Participant: 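Below: one structure in structure tokens.
Note that the structure is predicted; figures quoted are calculated from it, not measured. The figures that follow rest on heavy atoms only: side chains count, while hydrogens, waters and symmetry mates do not. By convention in this document, chain letters (A, B, ...) are assigned in the order of the sequence lines, proteins followed by strands, and residues within each chain are numbered from 1.
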2 protein chains.
Amino acid sequence: MKENFSRRGDRVRPAPAQPRPAPPEPGALAAKVRTMAPSMTRSMQRVAETVAADPAGCAALTVTGLAERTGTSEATVVRTARMLGYPGYRDLRLALAGLAAQQASGAAPAITTDISVDDPLTDVIAKLTQDERQTLADTAGALDISQVEAAVSAMASARRIDVYGVGASSLVAQDLAQKLLRIGLVAHAHADPHLAVTNAVQLRAGDVAIAITHSGRTVDVIEPLQAAFDHGATTVAVTGRPDGEVTQYADHVLTTSTARESELRPAAMSSRTSQLLVIDCLFIGVAQRTYETAAPALRTSYEALAHRHSPRDVR
Amino acid sequence: MKENFSRRGDRVRPAPAQPRPAPPEPGALAAKVRTMAPSMTRSMQRVAETVAADPAGCAALTVTGLAERTGTSEATVVRTARMLGYPGYRDLRLALAGLAAQQASGAAPAITTDISVDDPLTDVIAKLTQDERQTLADTAGALDISQVEAAVSAMASARRIDVYGVGASSLVAQDLAQKLLRIGLVAHAHADPHLAVTNAVQLRAGDVAIAITHSGRTVDVIEPLQAAFDHGATTVAVTGRPDGEVTQYADHVLTTSTARESELRPAAMSSRTSQLLVIDCLFIGVAQRTYETAAPALRTSYEALAHRHSPRDVR
DNA sequence: TCACAGGTGAAAGGTATTTTCGTCGCGGGT
DNA sequence: ACCCGCGACGAAAATACCTTTCACCTGTGA
């Protein structure tokens, strides 16, 4: 299926790129709901929320029952189940039963209230920690291993890797580029959209472009990715919206998790945690596959930094 | 049939005494099978045993499927489900799914080893996630609230905040500065040690300088902090070594946690996670204390970014 | 205001589950 | 040995449940 007639910029992402979009596991359901909710219609959101709020109760209901309880129709319930990655309601129900059993036995119901203005610092720390830990678990649970695998393979053998990210994501992009540089790969992070595009058009088949955007519709990041895509590079999207515009130009999509946010807890926080986990996975994967060169490179760069530390207390 | 002549000892237990004969719990299924097995017919025993041996597998089967797998009929399967205390097969199946999820999650905690070169990607993700979660818990547990409190107070009323970090820590420094800017504070991140020092000497009492260094002995970060300290600014150190040199010039010390590291997992990874949690706590704390100005500022900056996203799908 | 796109639910269409009912095998009595 | 009755068992009918289709309706942009 590789039709590398790179003559025109009209390369299109192959439609059946998601034969098995999501292996539906029970644990990460709440996360999935949060990830997909924005791209759902109102009725479907109602269903999804009901289901996430009371898995045990909903597992006991039939399609009709759940439709009634949410004030919607059976069709909508089935549609929601599909959106969450299950073949139909029956399977969602099974997963729900699993989830219910898990949280029944797994003690901690993990109820996190939102952070409010007058929370004492102790609570802030506790809630923040709890949330970030949850985000990590969710992200790991929702990660599509085959996509990671594919991205890692492409990166490991890439001539050059470009990473795009603006705003908070730019820090993540830089982090990834820094790490890749340290194991001897050619990687650049671009935060300036103009420079990003001008660099992107230099890419060709065998190169890799990675876009990092939580919303999935940050134009400053989509444009360079599209340019890279059109020029035949392998493209990867790290995004919280697997249905976002950015994925149109991505050969591989890595979904980051979305945590509930509030006024005091801006989007940047949990999405950043999620993104960092994903890029760390990419990094380790690449390091494994290029171990021959990566290991000595890591050692060298470590030693190069040693003299920048004050000499004493070298334990 | 003789009805209610209760005078003799032949009183009969009222028939509807067991409207709910058995509350079907998921966990005790195996036990229930053993209890009931003797009073079952051969075919039913086959079904019960199959079910107890492989809950996960059976949960995926329909009545017909399970009947086939056990070499029996659908009716027998349903009868078995009844015998085990469920209203029908559907409910048994639900319980099975729950049981499967339970024992799946119970079997999980087998990840303590280090990441090695030949770990499959699945393990890498699991280990990485586990480690980062542990790091978060450790950091939160080790954080000295009074120090956080003090740092937050100083920051909230600061005329200006400078943040120093080089290498991986520079990204953390930038993250903090970015966030503080978004709530209307005057904050700068310095990665260039020369510029950092030249800026540090401009600070005075009422200003805040924050140094971020995992090792606690990164000279490029210590020098500007010392300069700020000498000029009367309030200084904060975010470090993994509370006994490190950097703390000599720090009014407040926030300790980050250190996870075990290995060749494939460079220091930057878990220390970064830890540092980010700490600065997030600082940020939220400051945002709370400056809520009057922070809230509208956050809203404004959010709106300012809206047009940088592609317009569609604004739900 | 109109045309249109897309969400939504009623009802038709299938599939899975439950019930019914007749057969068959087994043990005990004649 | 044969017959009788009891209960296990499964095929198929009956039902409940799930899925799909399609027309309506609502909100949106010209």
Participant: From dT19(D), dG9(C), dA11(D), pick the nucleotide closest to the side chain of Arg82(A)?
Facilitator: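 Output: dT19(D).
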
Participant: On DNA chain C, check which nucleotide each of Arg79(B) and Arg90(B) is closest to and give me the residue with the more 5' one.
Facilitator: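 The answer here is Arg90(B).
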
Participant: Do the side chains of Asp138(A) and Lys32(A) get close enough for a salt bridge, i.e. N-O under 4.0 angstrom?
Facilitator: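 Here Asp138(A) does not pair with Lys32(A) in a salt bridge, since their nearest N and O are not under 4.0 Å apart.
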
Participant: Hey, is the side chain of Ser43(A) poking within less than 4.0 Å of OP1 or OP2 on dT8(C), counting only N and O atoms?
Facilitator: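 Ser43(A) to dT8(C) OP1/OP2: side-chain N or O found under 4.0 Å.
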
Participant: Given atom CD of Glu68(B) and atom C1' of dA16(C), what is their separation to the nearest angstrom?
Facilitator: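 Rounded to whole Å, this separation is 14 Å.
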
Participant: To the nearest Å, how far apart are Glu74(B) CD and dT17(C) P?
Facilitator: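 Roughly 9 Å, once rounded to whole Å.
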
Participant: What do the steps show when you test Arg82(B) against Asp91(B) for salt bridge (Lys or Arg N to Asp or Glu O under 4.0 Å), and what is the final call?
Facilitator: CA-CA 10 Å; Arg82(B) 294 259 160 78; Asp91(B) 300 76; over 6 Å; no

Participant: Measure from CE on Met83(B) to P on dC9(D) and round the result to the nearest Å.
Facilitator: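 Taking CE of Met83(B) and P of dC9(D), I get 11 Å after rounding.
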
Participant: Thr76(A) side chain N/O closer than 4.0 Å to the phosphate oxygens (OP1, OP2) of dG9(C)?
Facilitator: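 For Thr76(A), the contact criterion (side-chain N or O under 4.0 Å from OP1 or OP2 of dG9(C)) is met.
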
Participant: Of all heavy-atom pairs between Ser43(A) and Thr72(A), which one has the smallest distance, and what is that distance?
Facilitator: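 Where Ser43(A) meets Thr72(A) most closely, the heavy atoms are CB-CG2, 3.9 Å.
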
Participant: Please determine if a side-chain N or O atom of Thr41(A) lies less than 4.0 Å away from the OP1 or OP2 oxygen of dG7(C).
Facilitator: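 Answer no for this pair, as no side-chain N or O of Thr41(A) is under 4.0 Å from OP1 or OP2.
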
Participant: Let's see if you can work this out: which of dC9(D), dT21(D), dT18(C) has an atom nearest to the side-chain heavy atoms of Arg42(B)?
Facilitator: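 The nucleotide sitting nearest to the side chain is dC9(D).
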
Participant: Within this structure, what is the CZ-to-C1' distance between Arg93(A) and dC17(D), rounded to whole angstrom?
Facilitator: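 So the two atoms are 9 Å apart, to the nearest Å.
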
Participant: Can you name the closest pair of heavy atoms from Ile222(A) and Gly216(A) and give their distance?
Facilitator: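 Answer, listing the atom of Ile222(A) first, then Gly216(A): CD1-O, 3.6 Å.
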
Participant: Quick one: is Thr62(B) getting a side-chain N or O under 4.0 Å of the dT15(C) phosphate, OP1 or OP2?
Facilitator: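 Answer no for this pair, as no side-chain N or O of Thr62(B) is under 4.0 Å from OP1 or OP2.
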
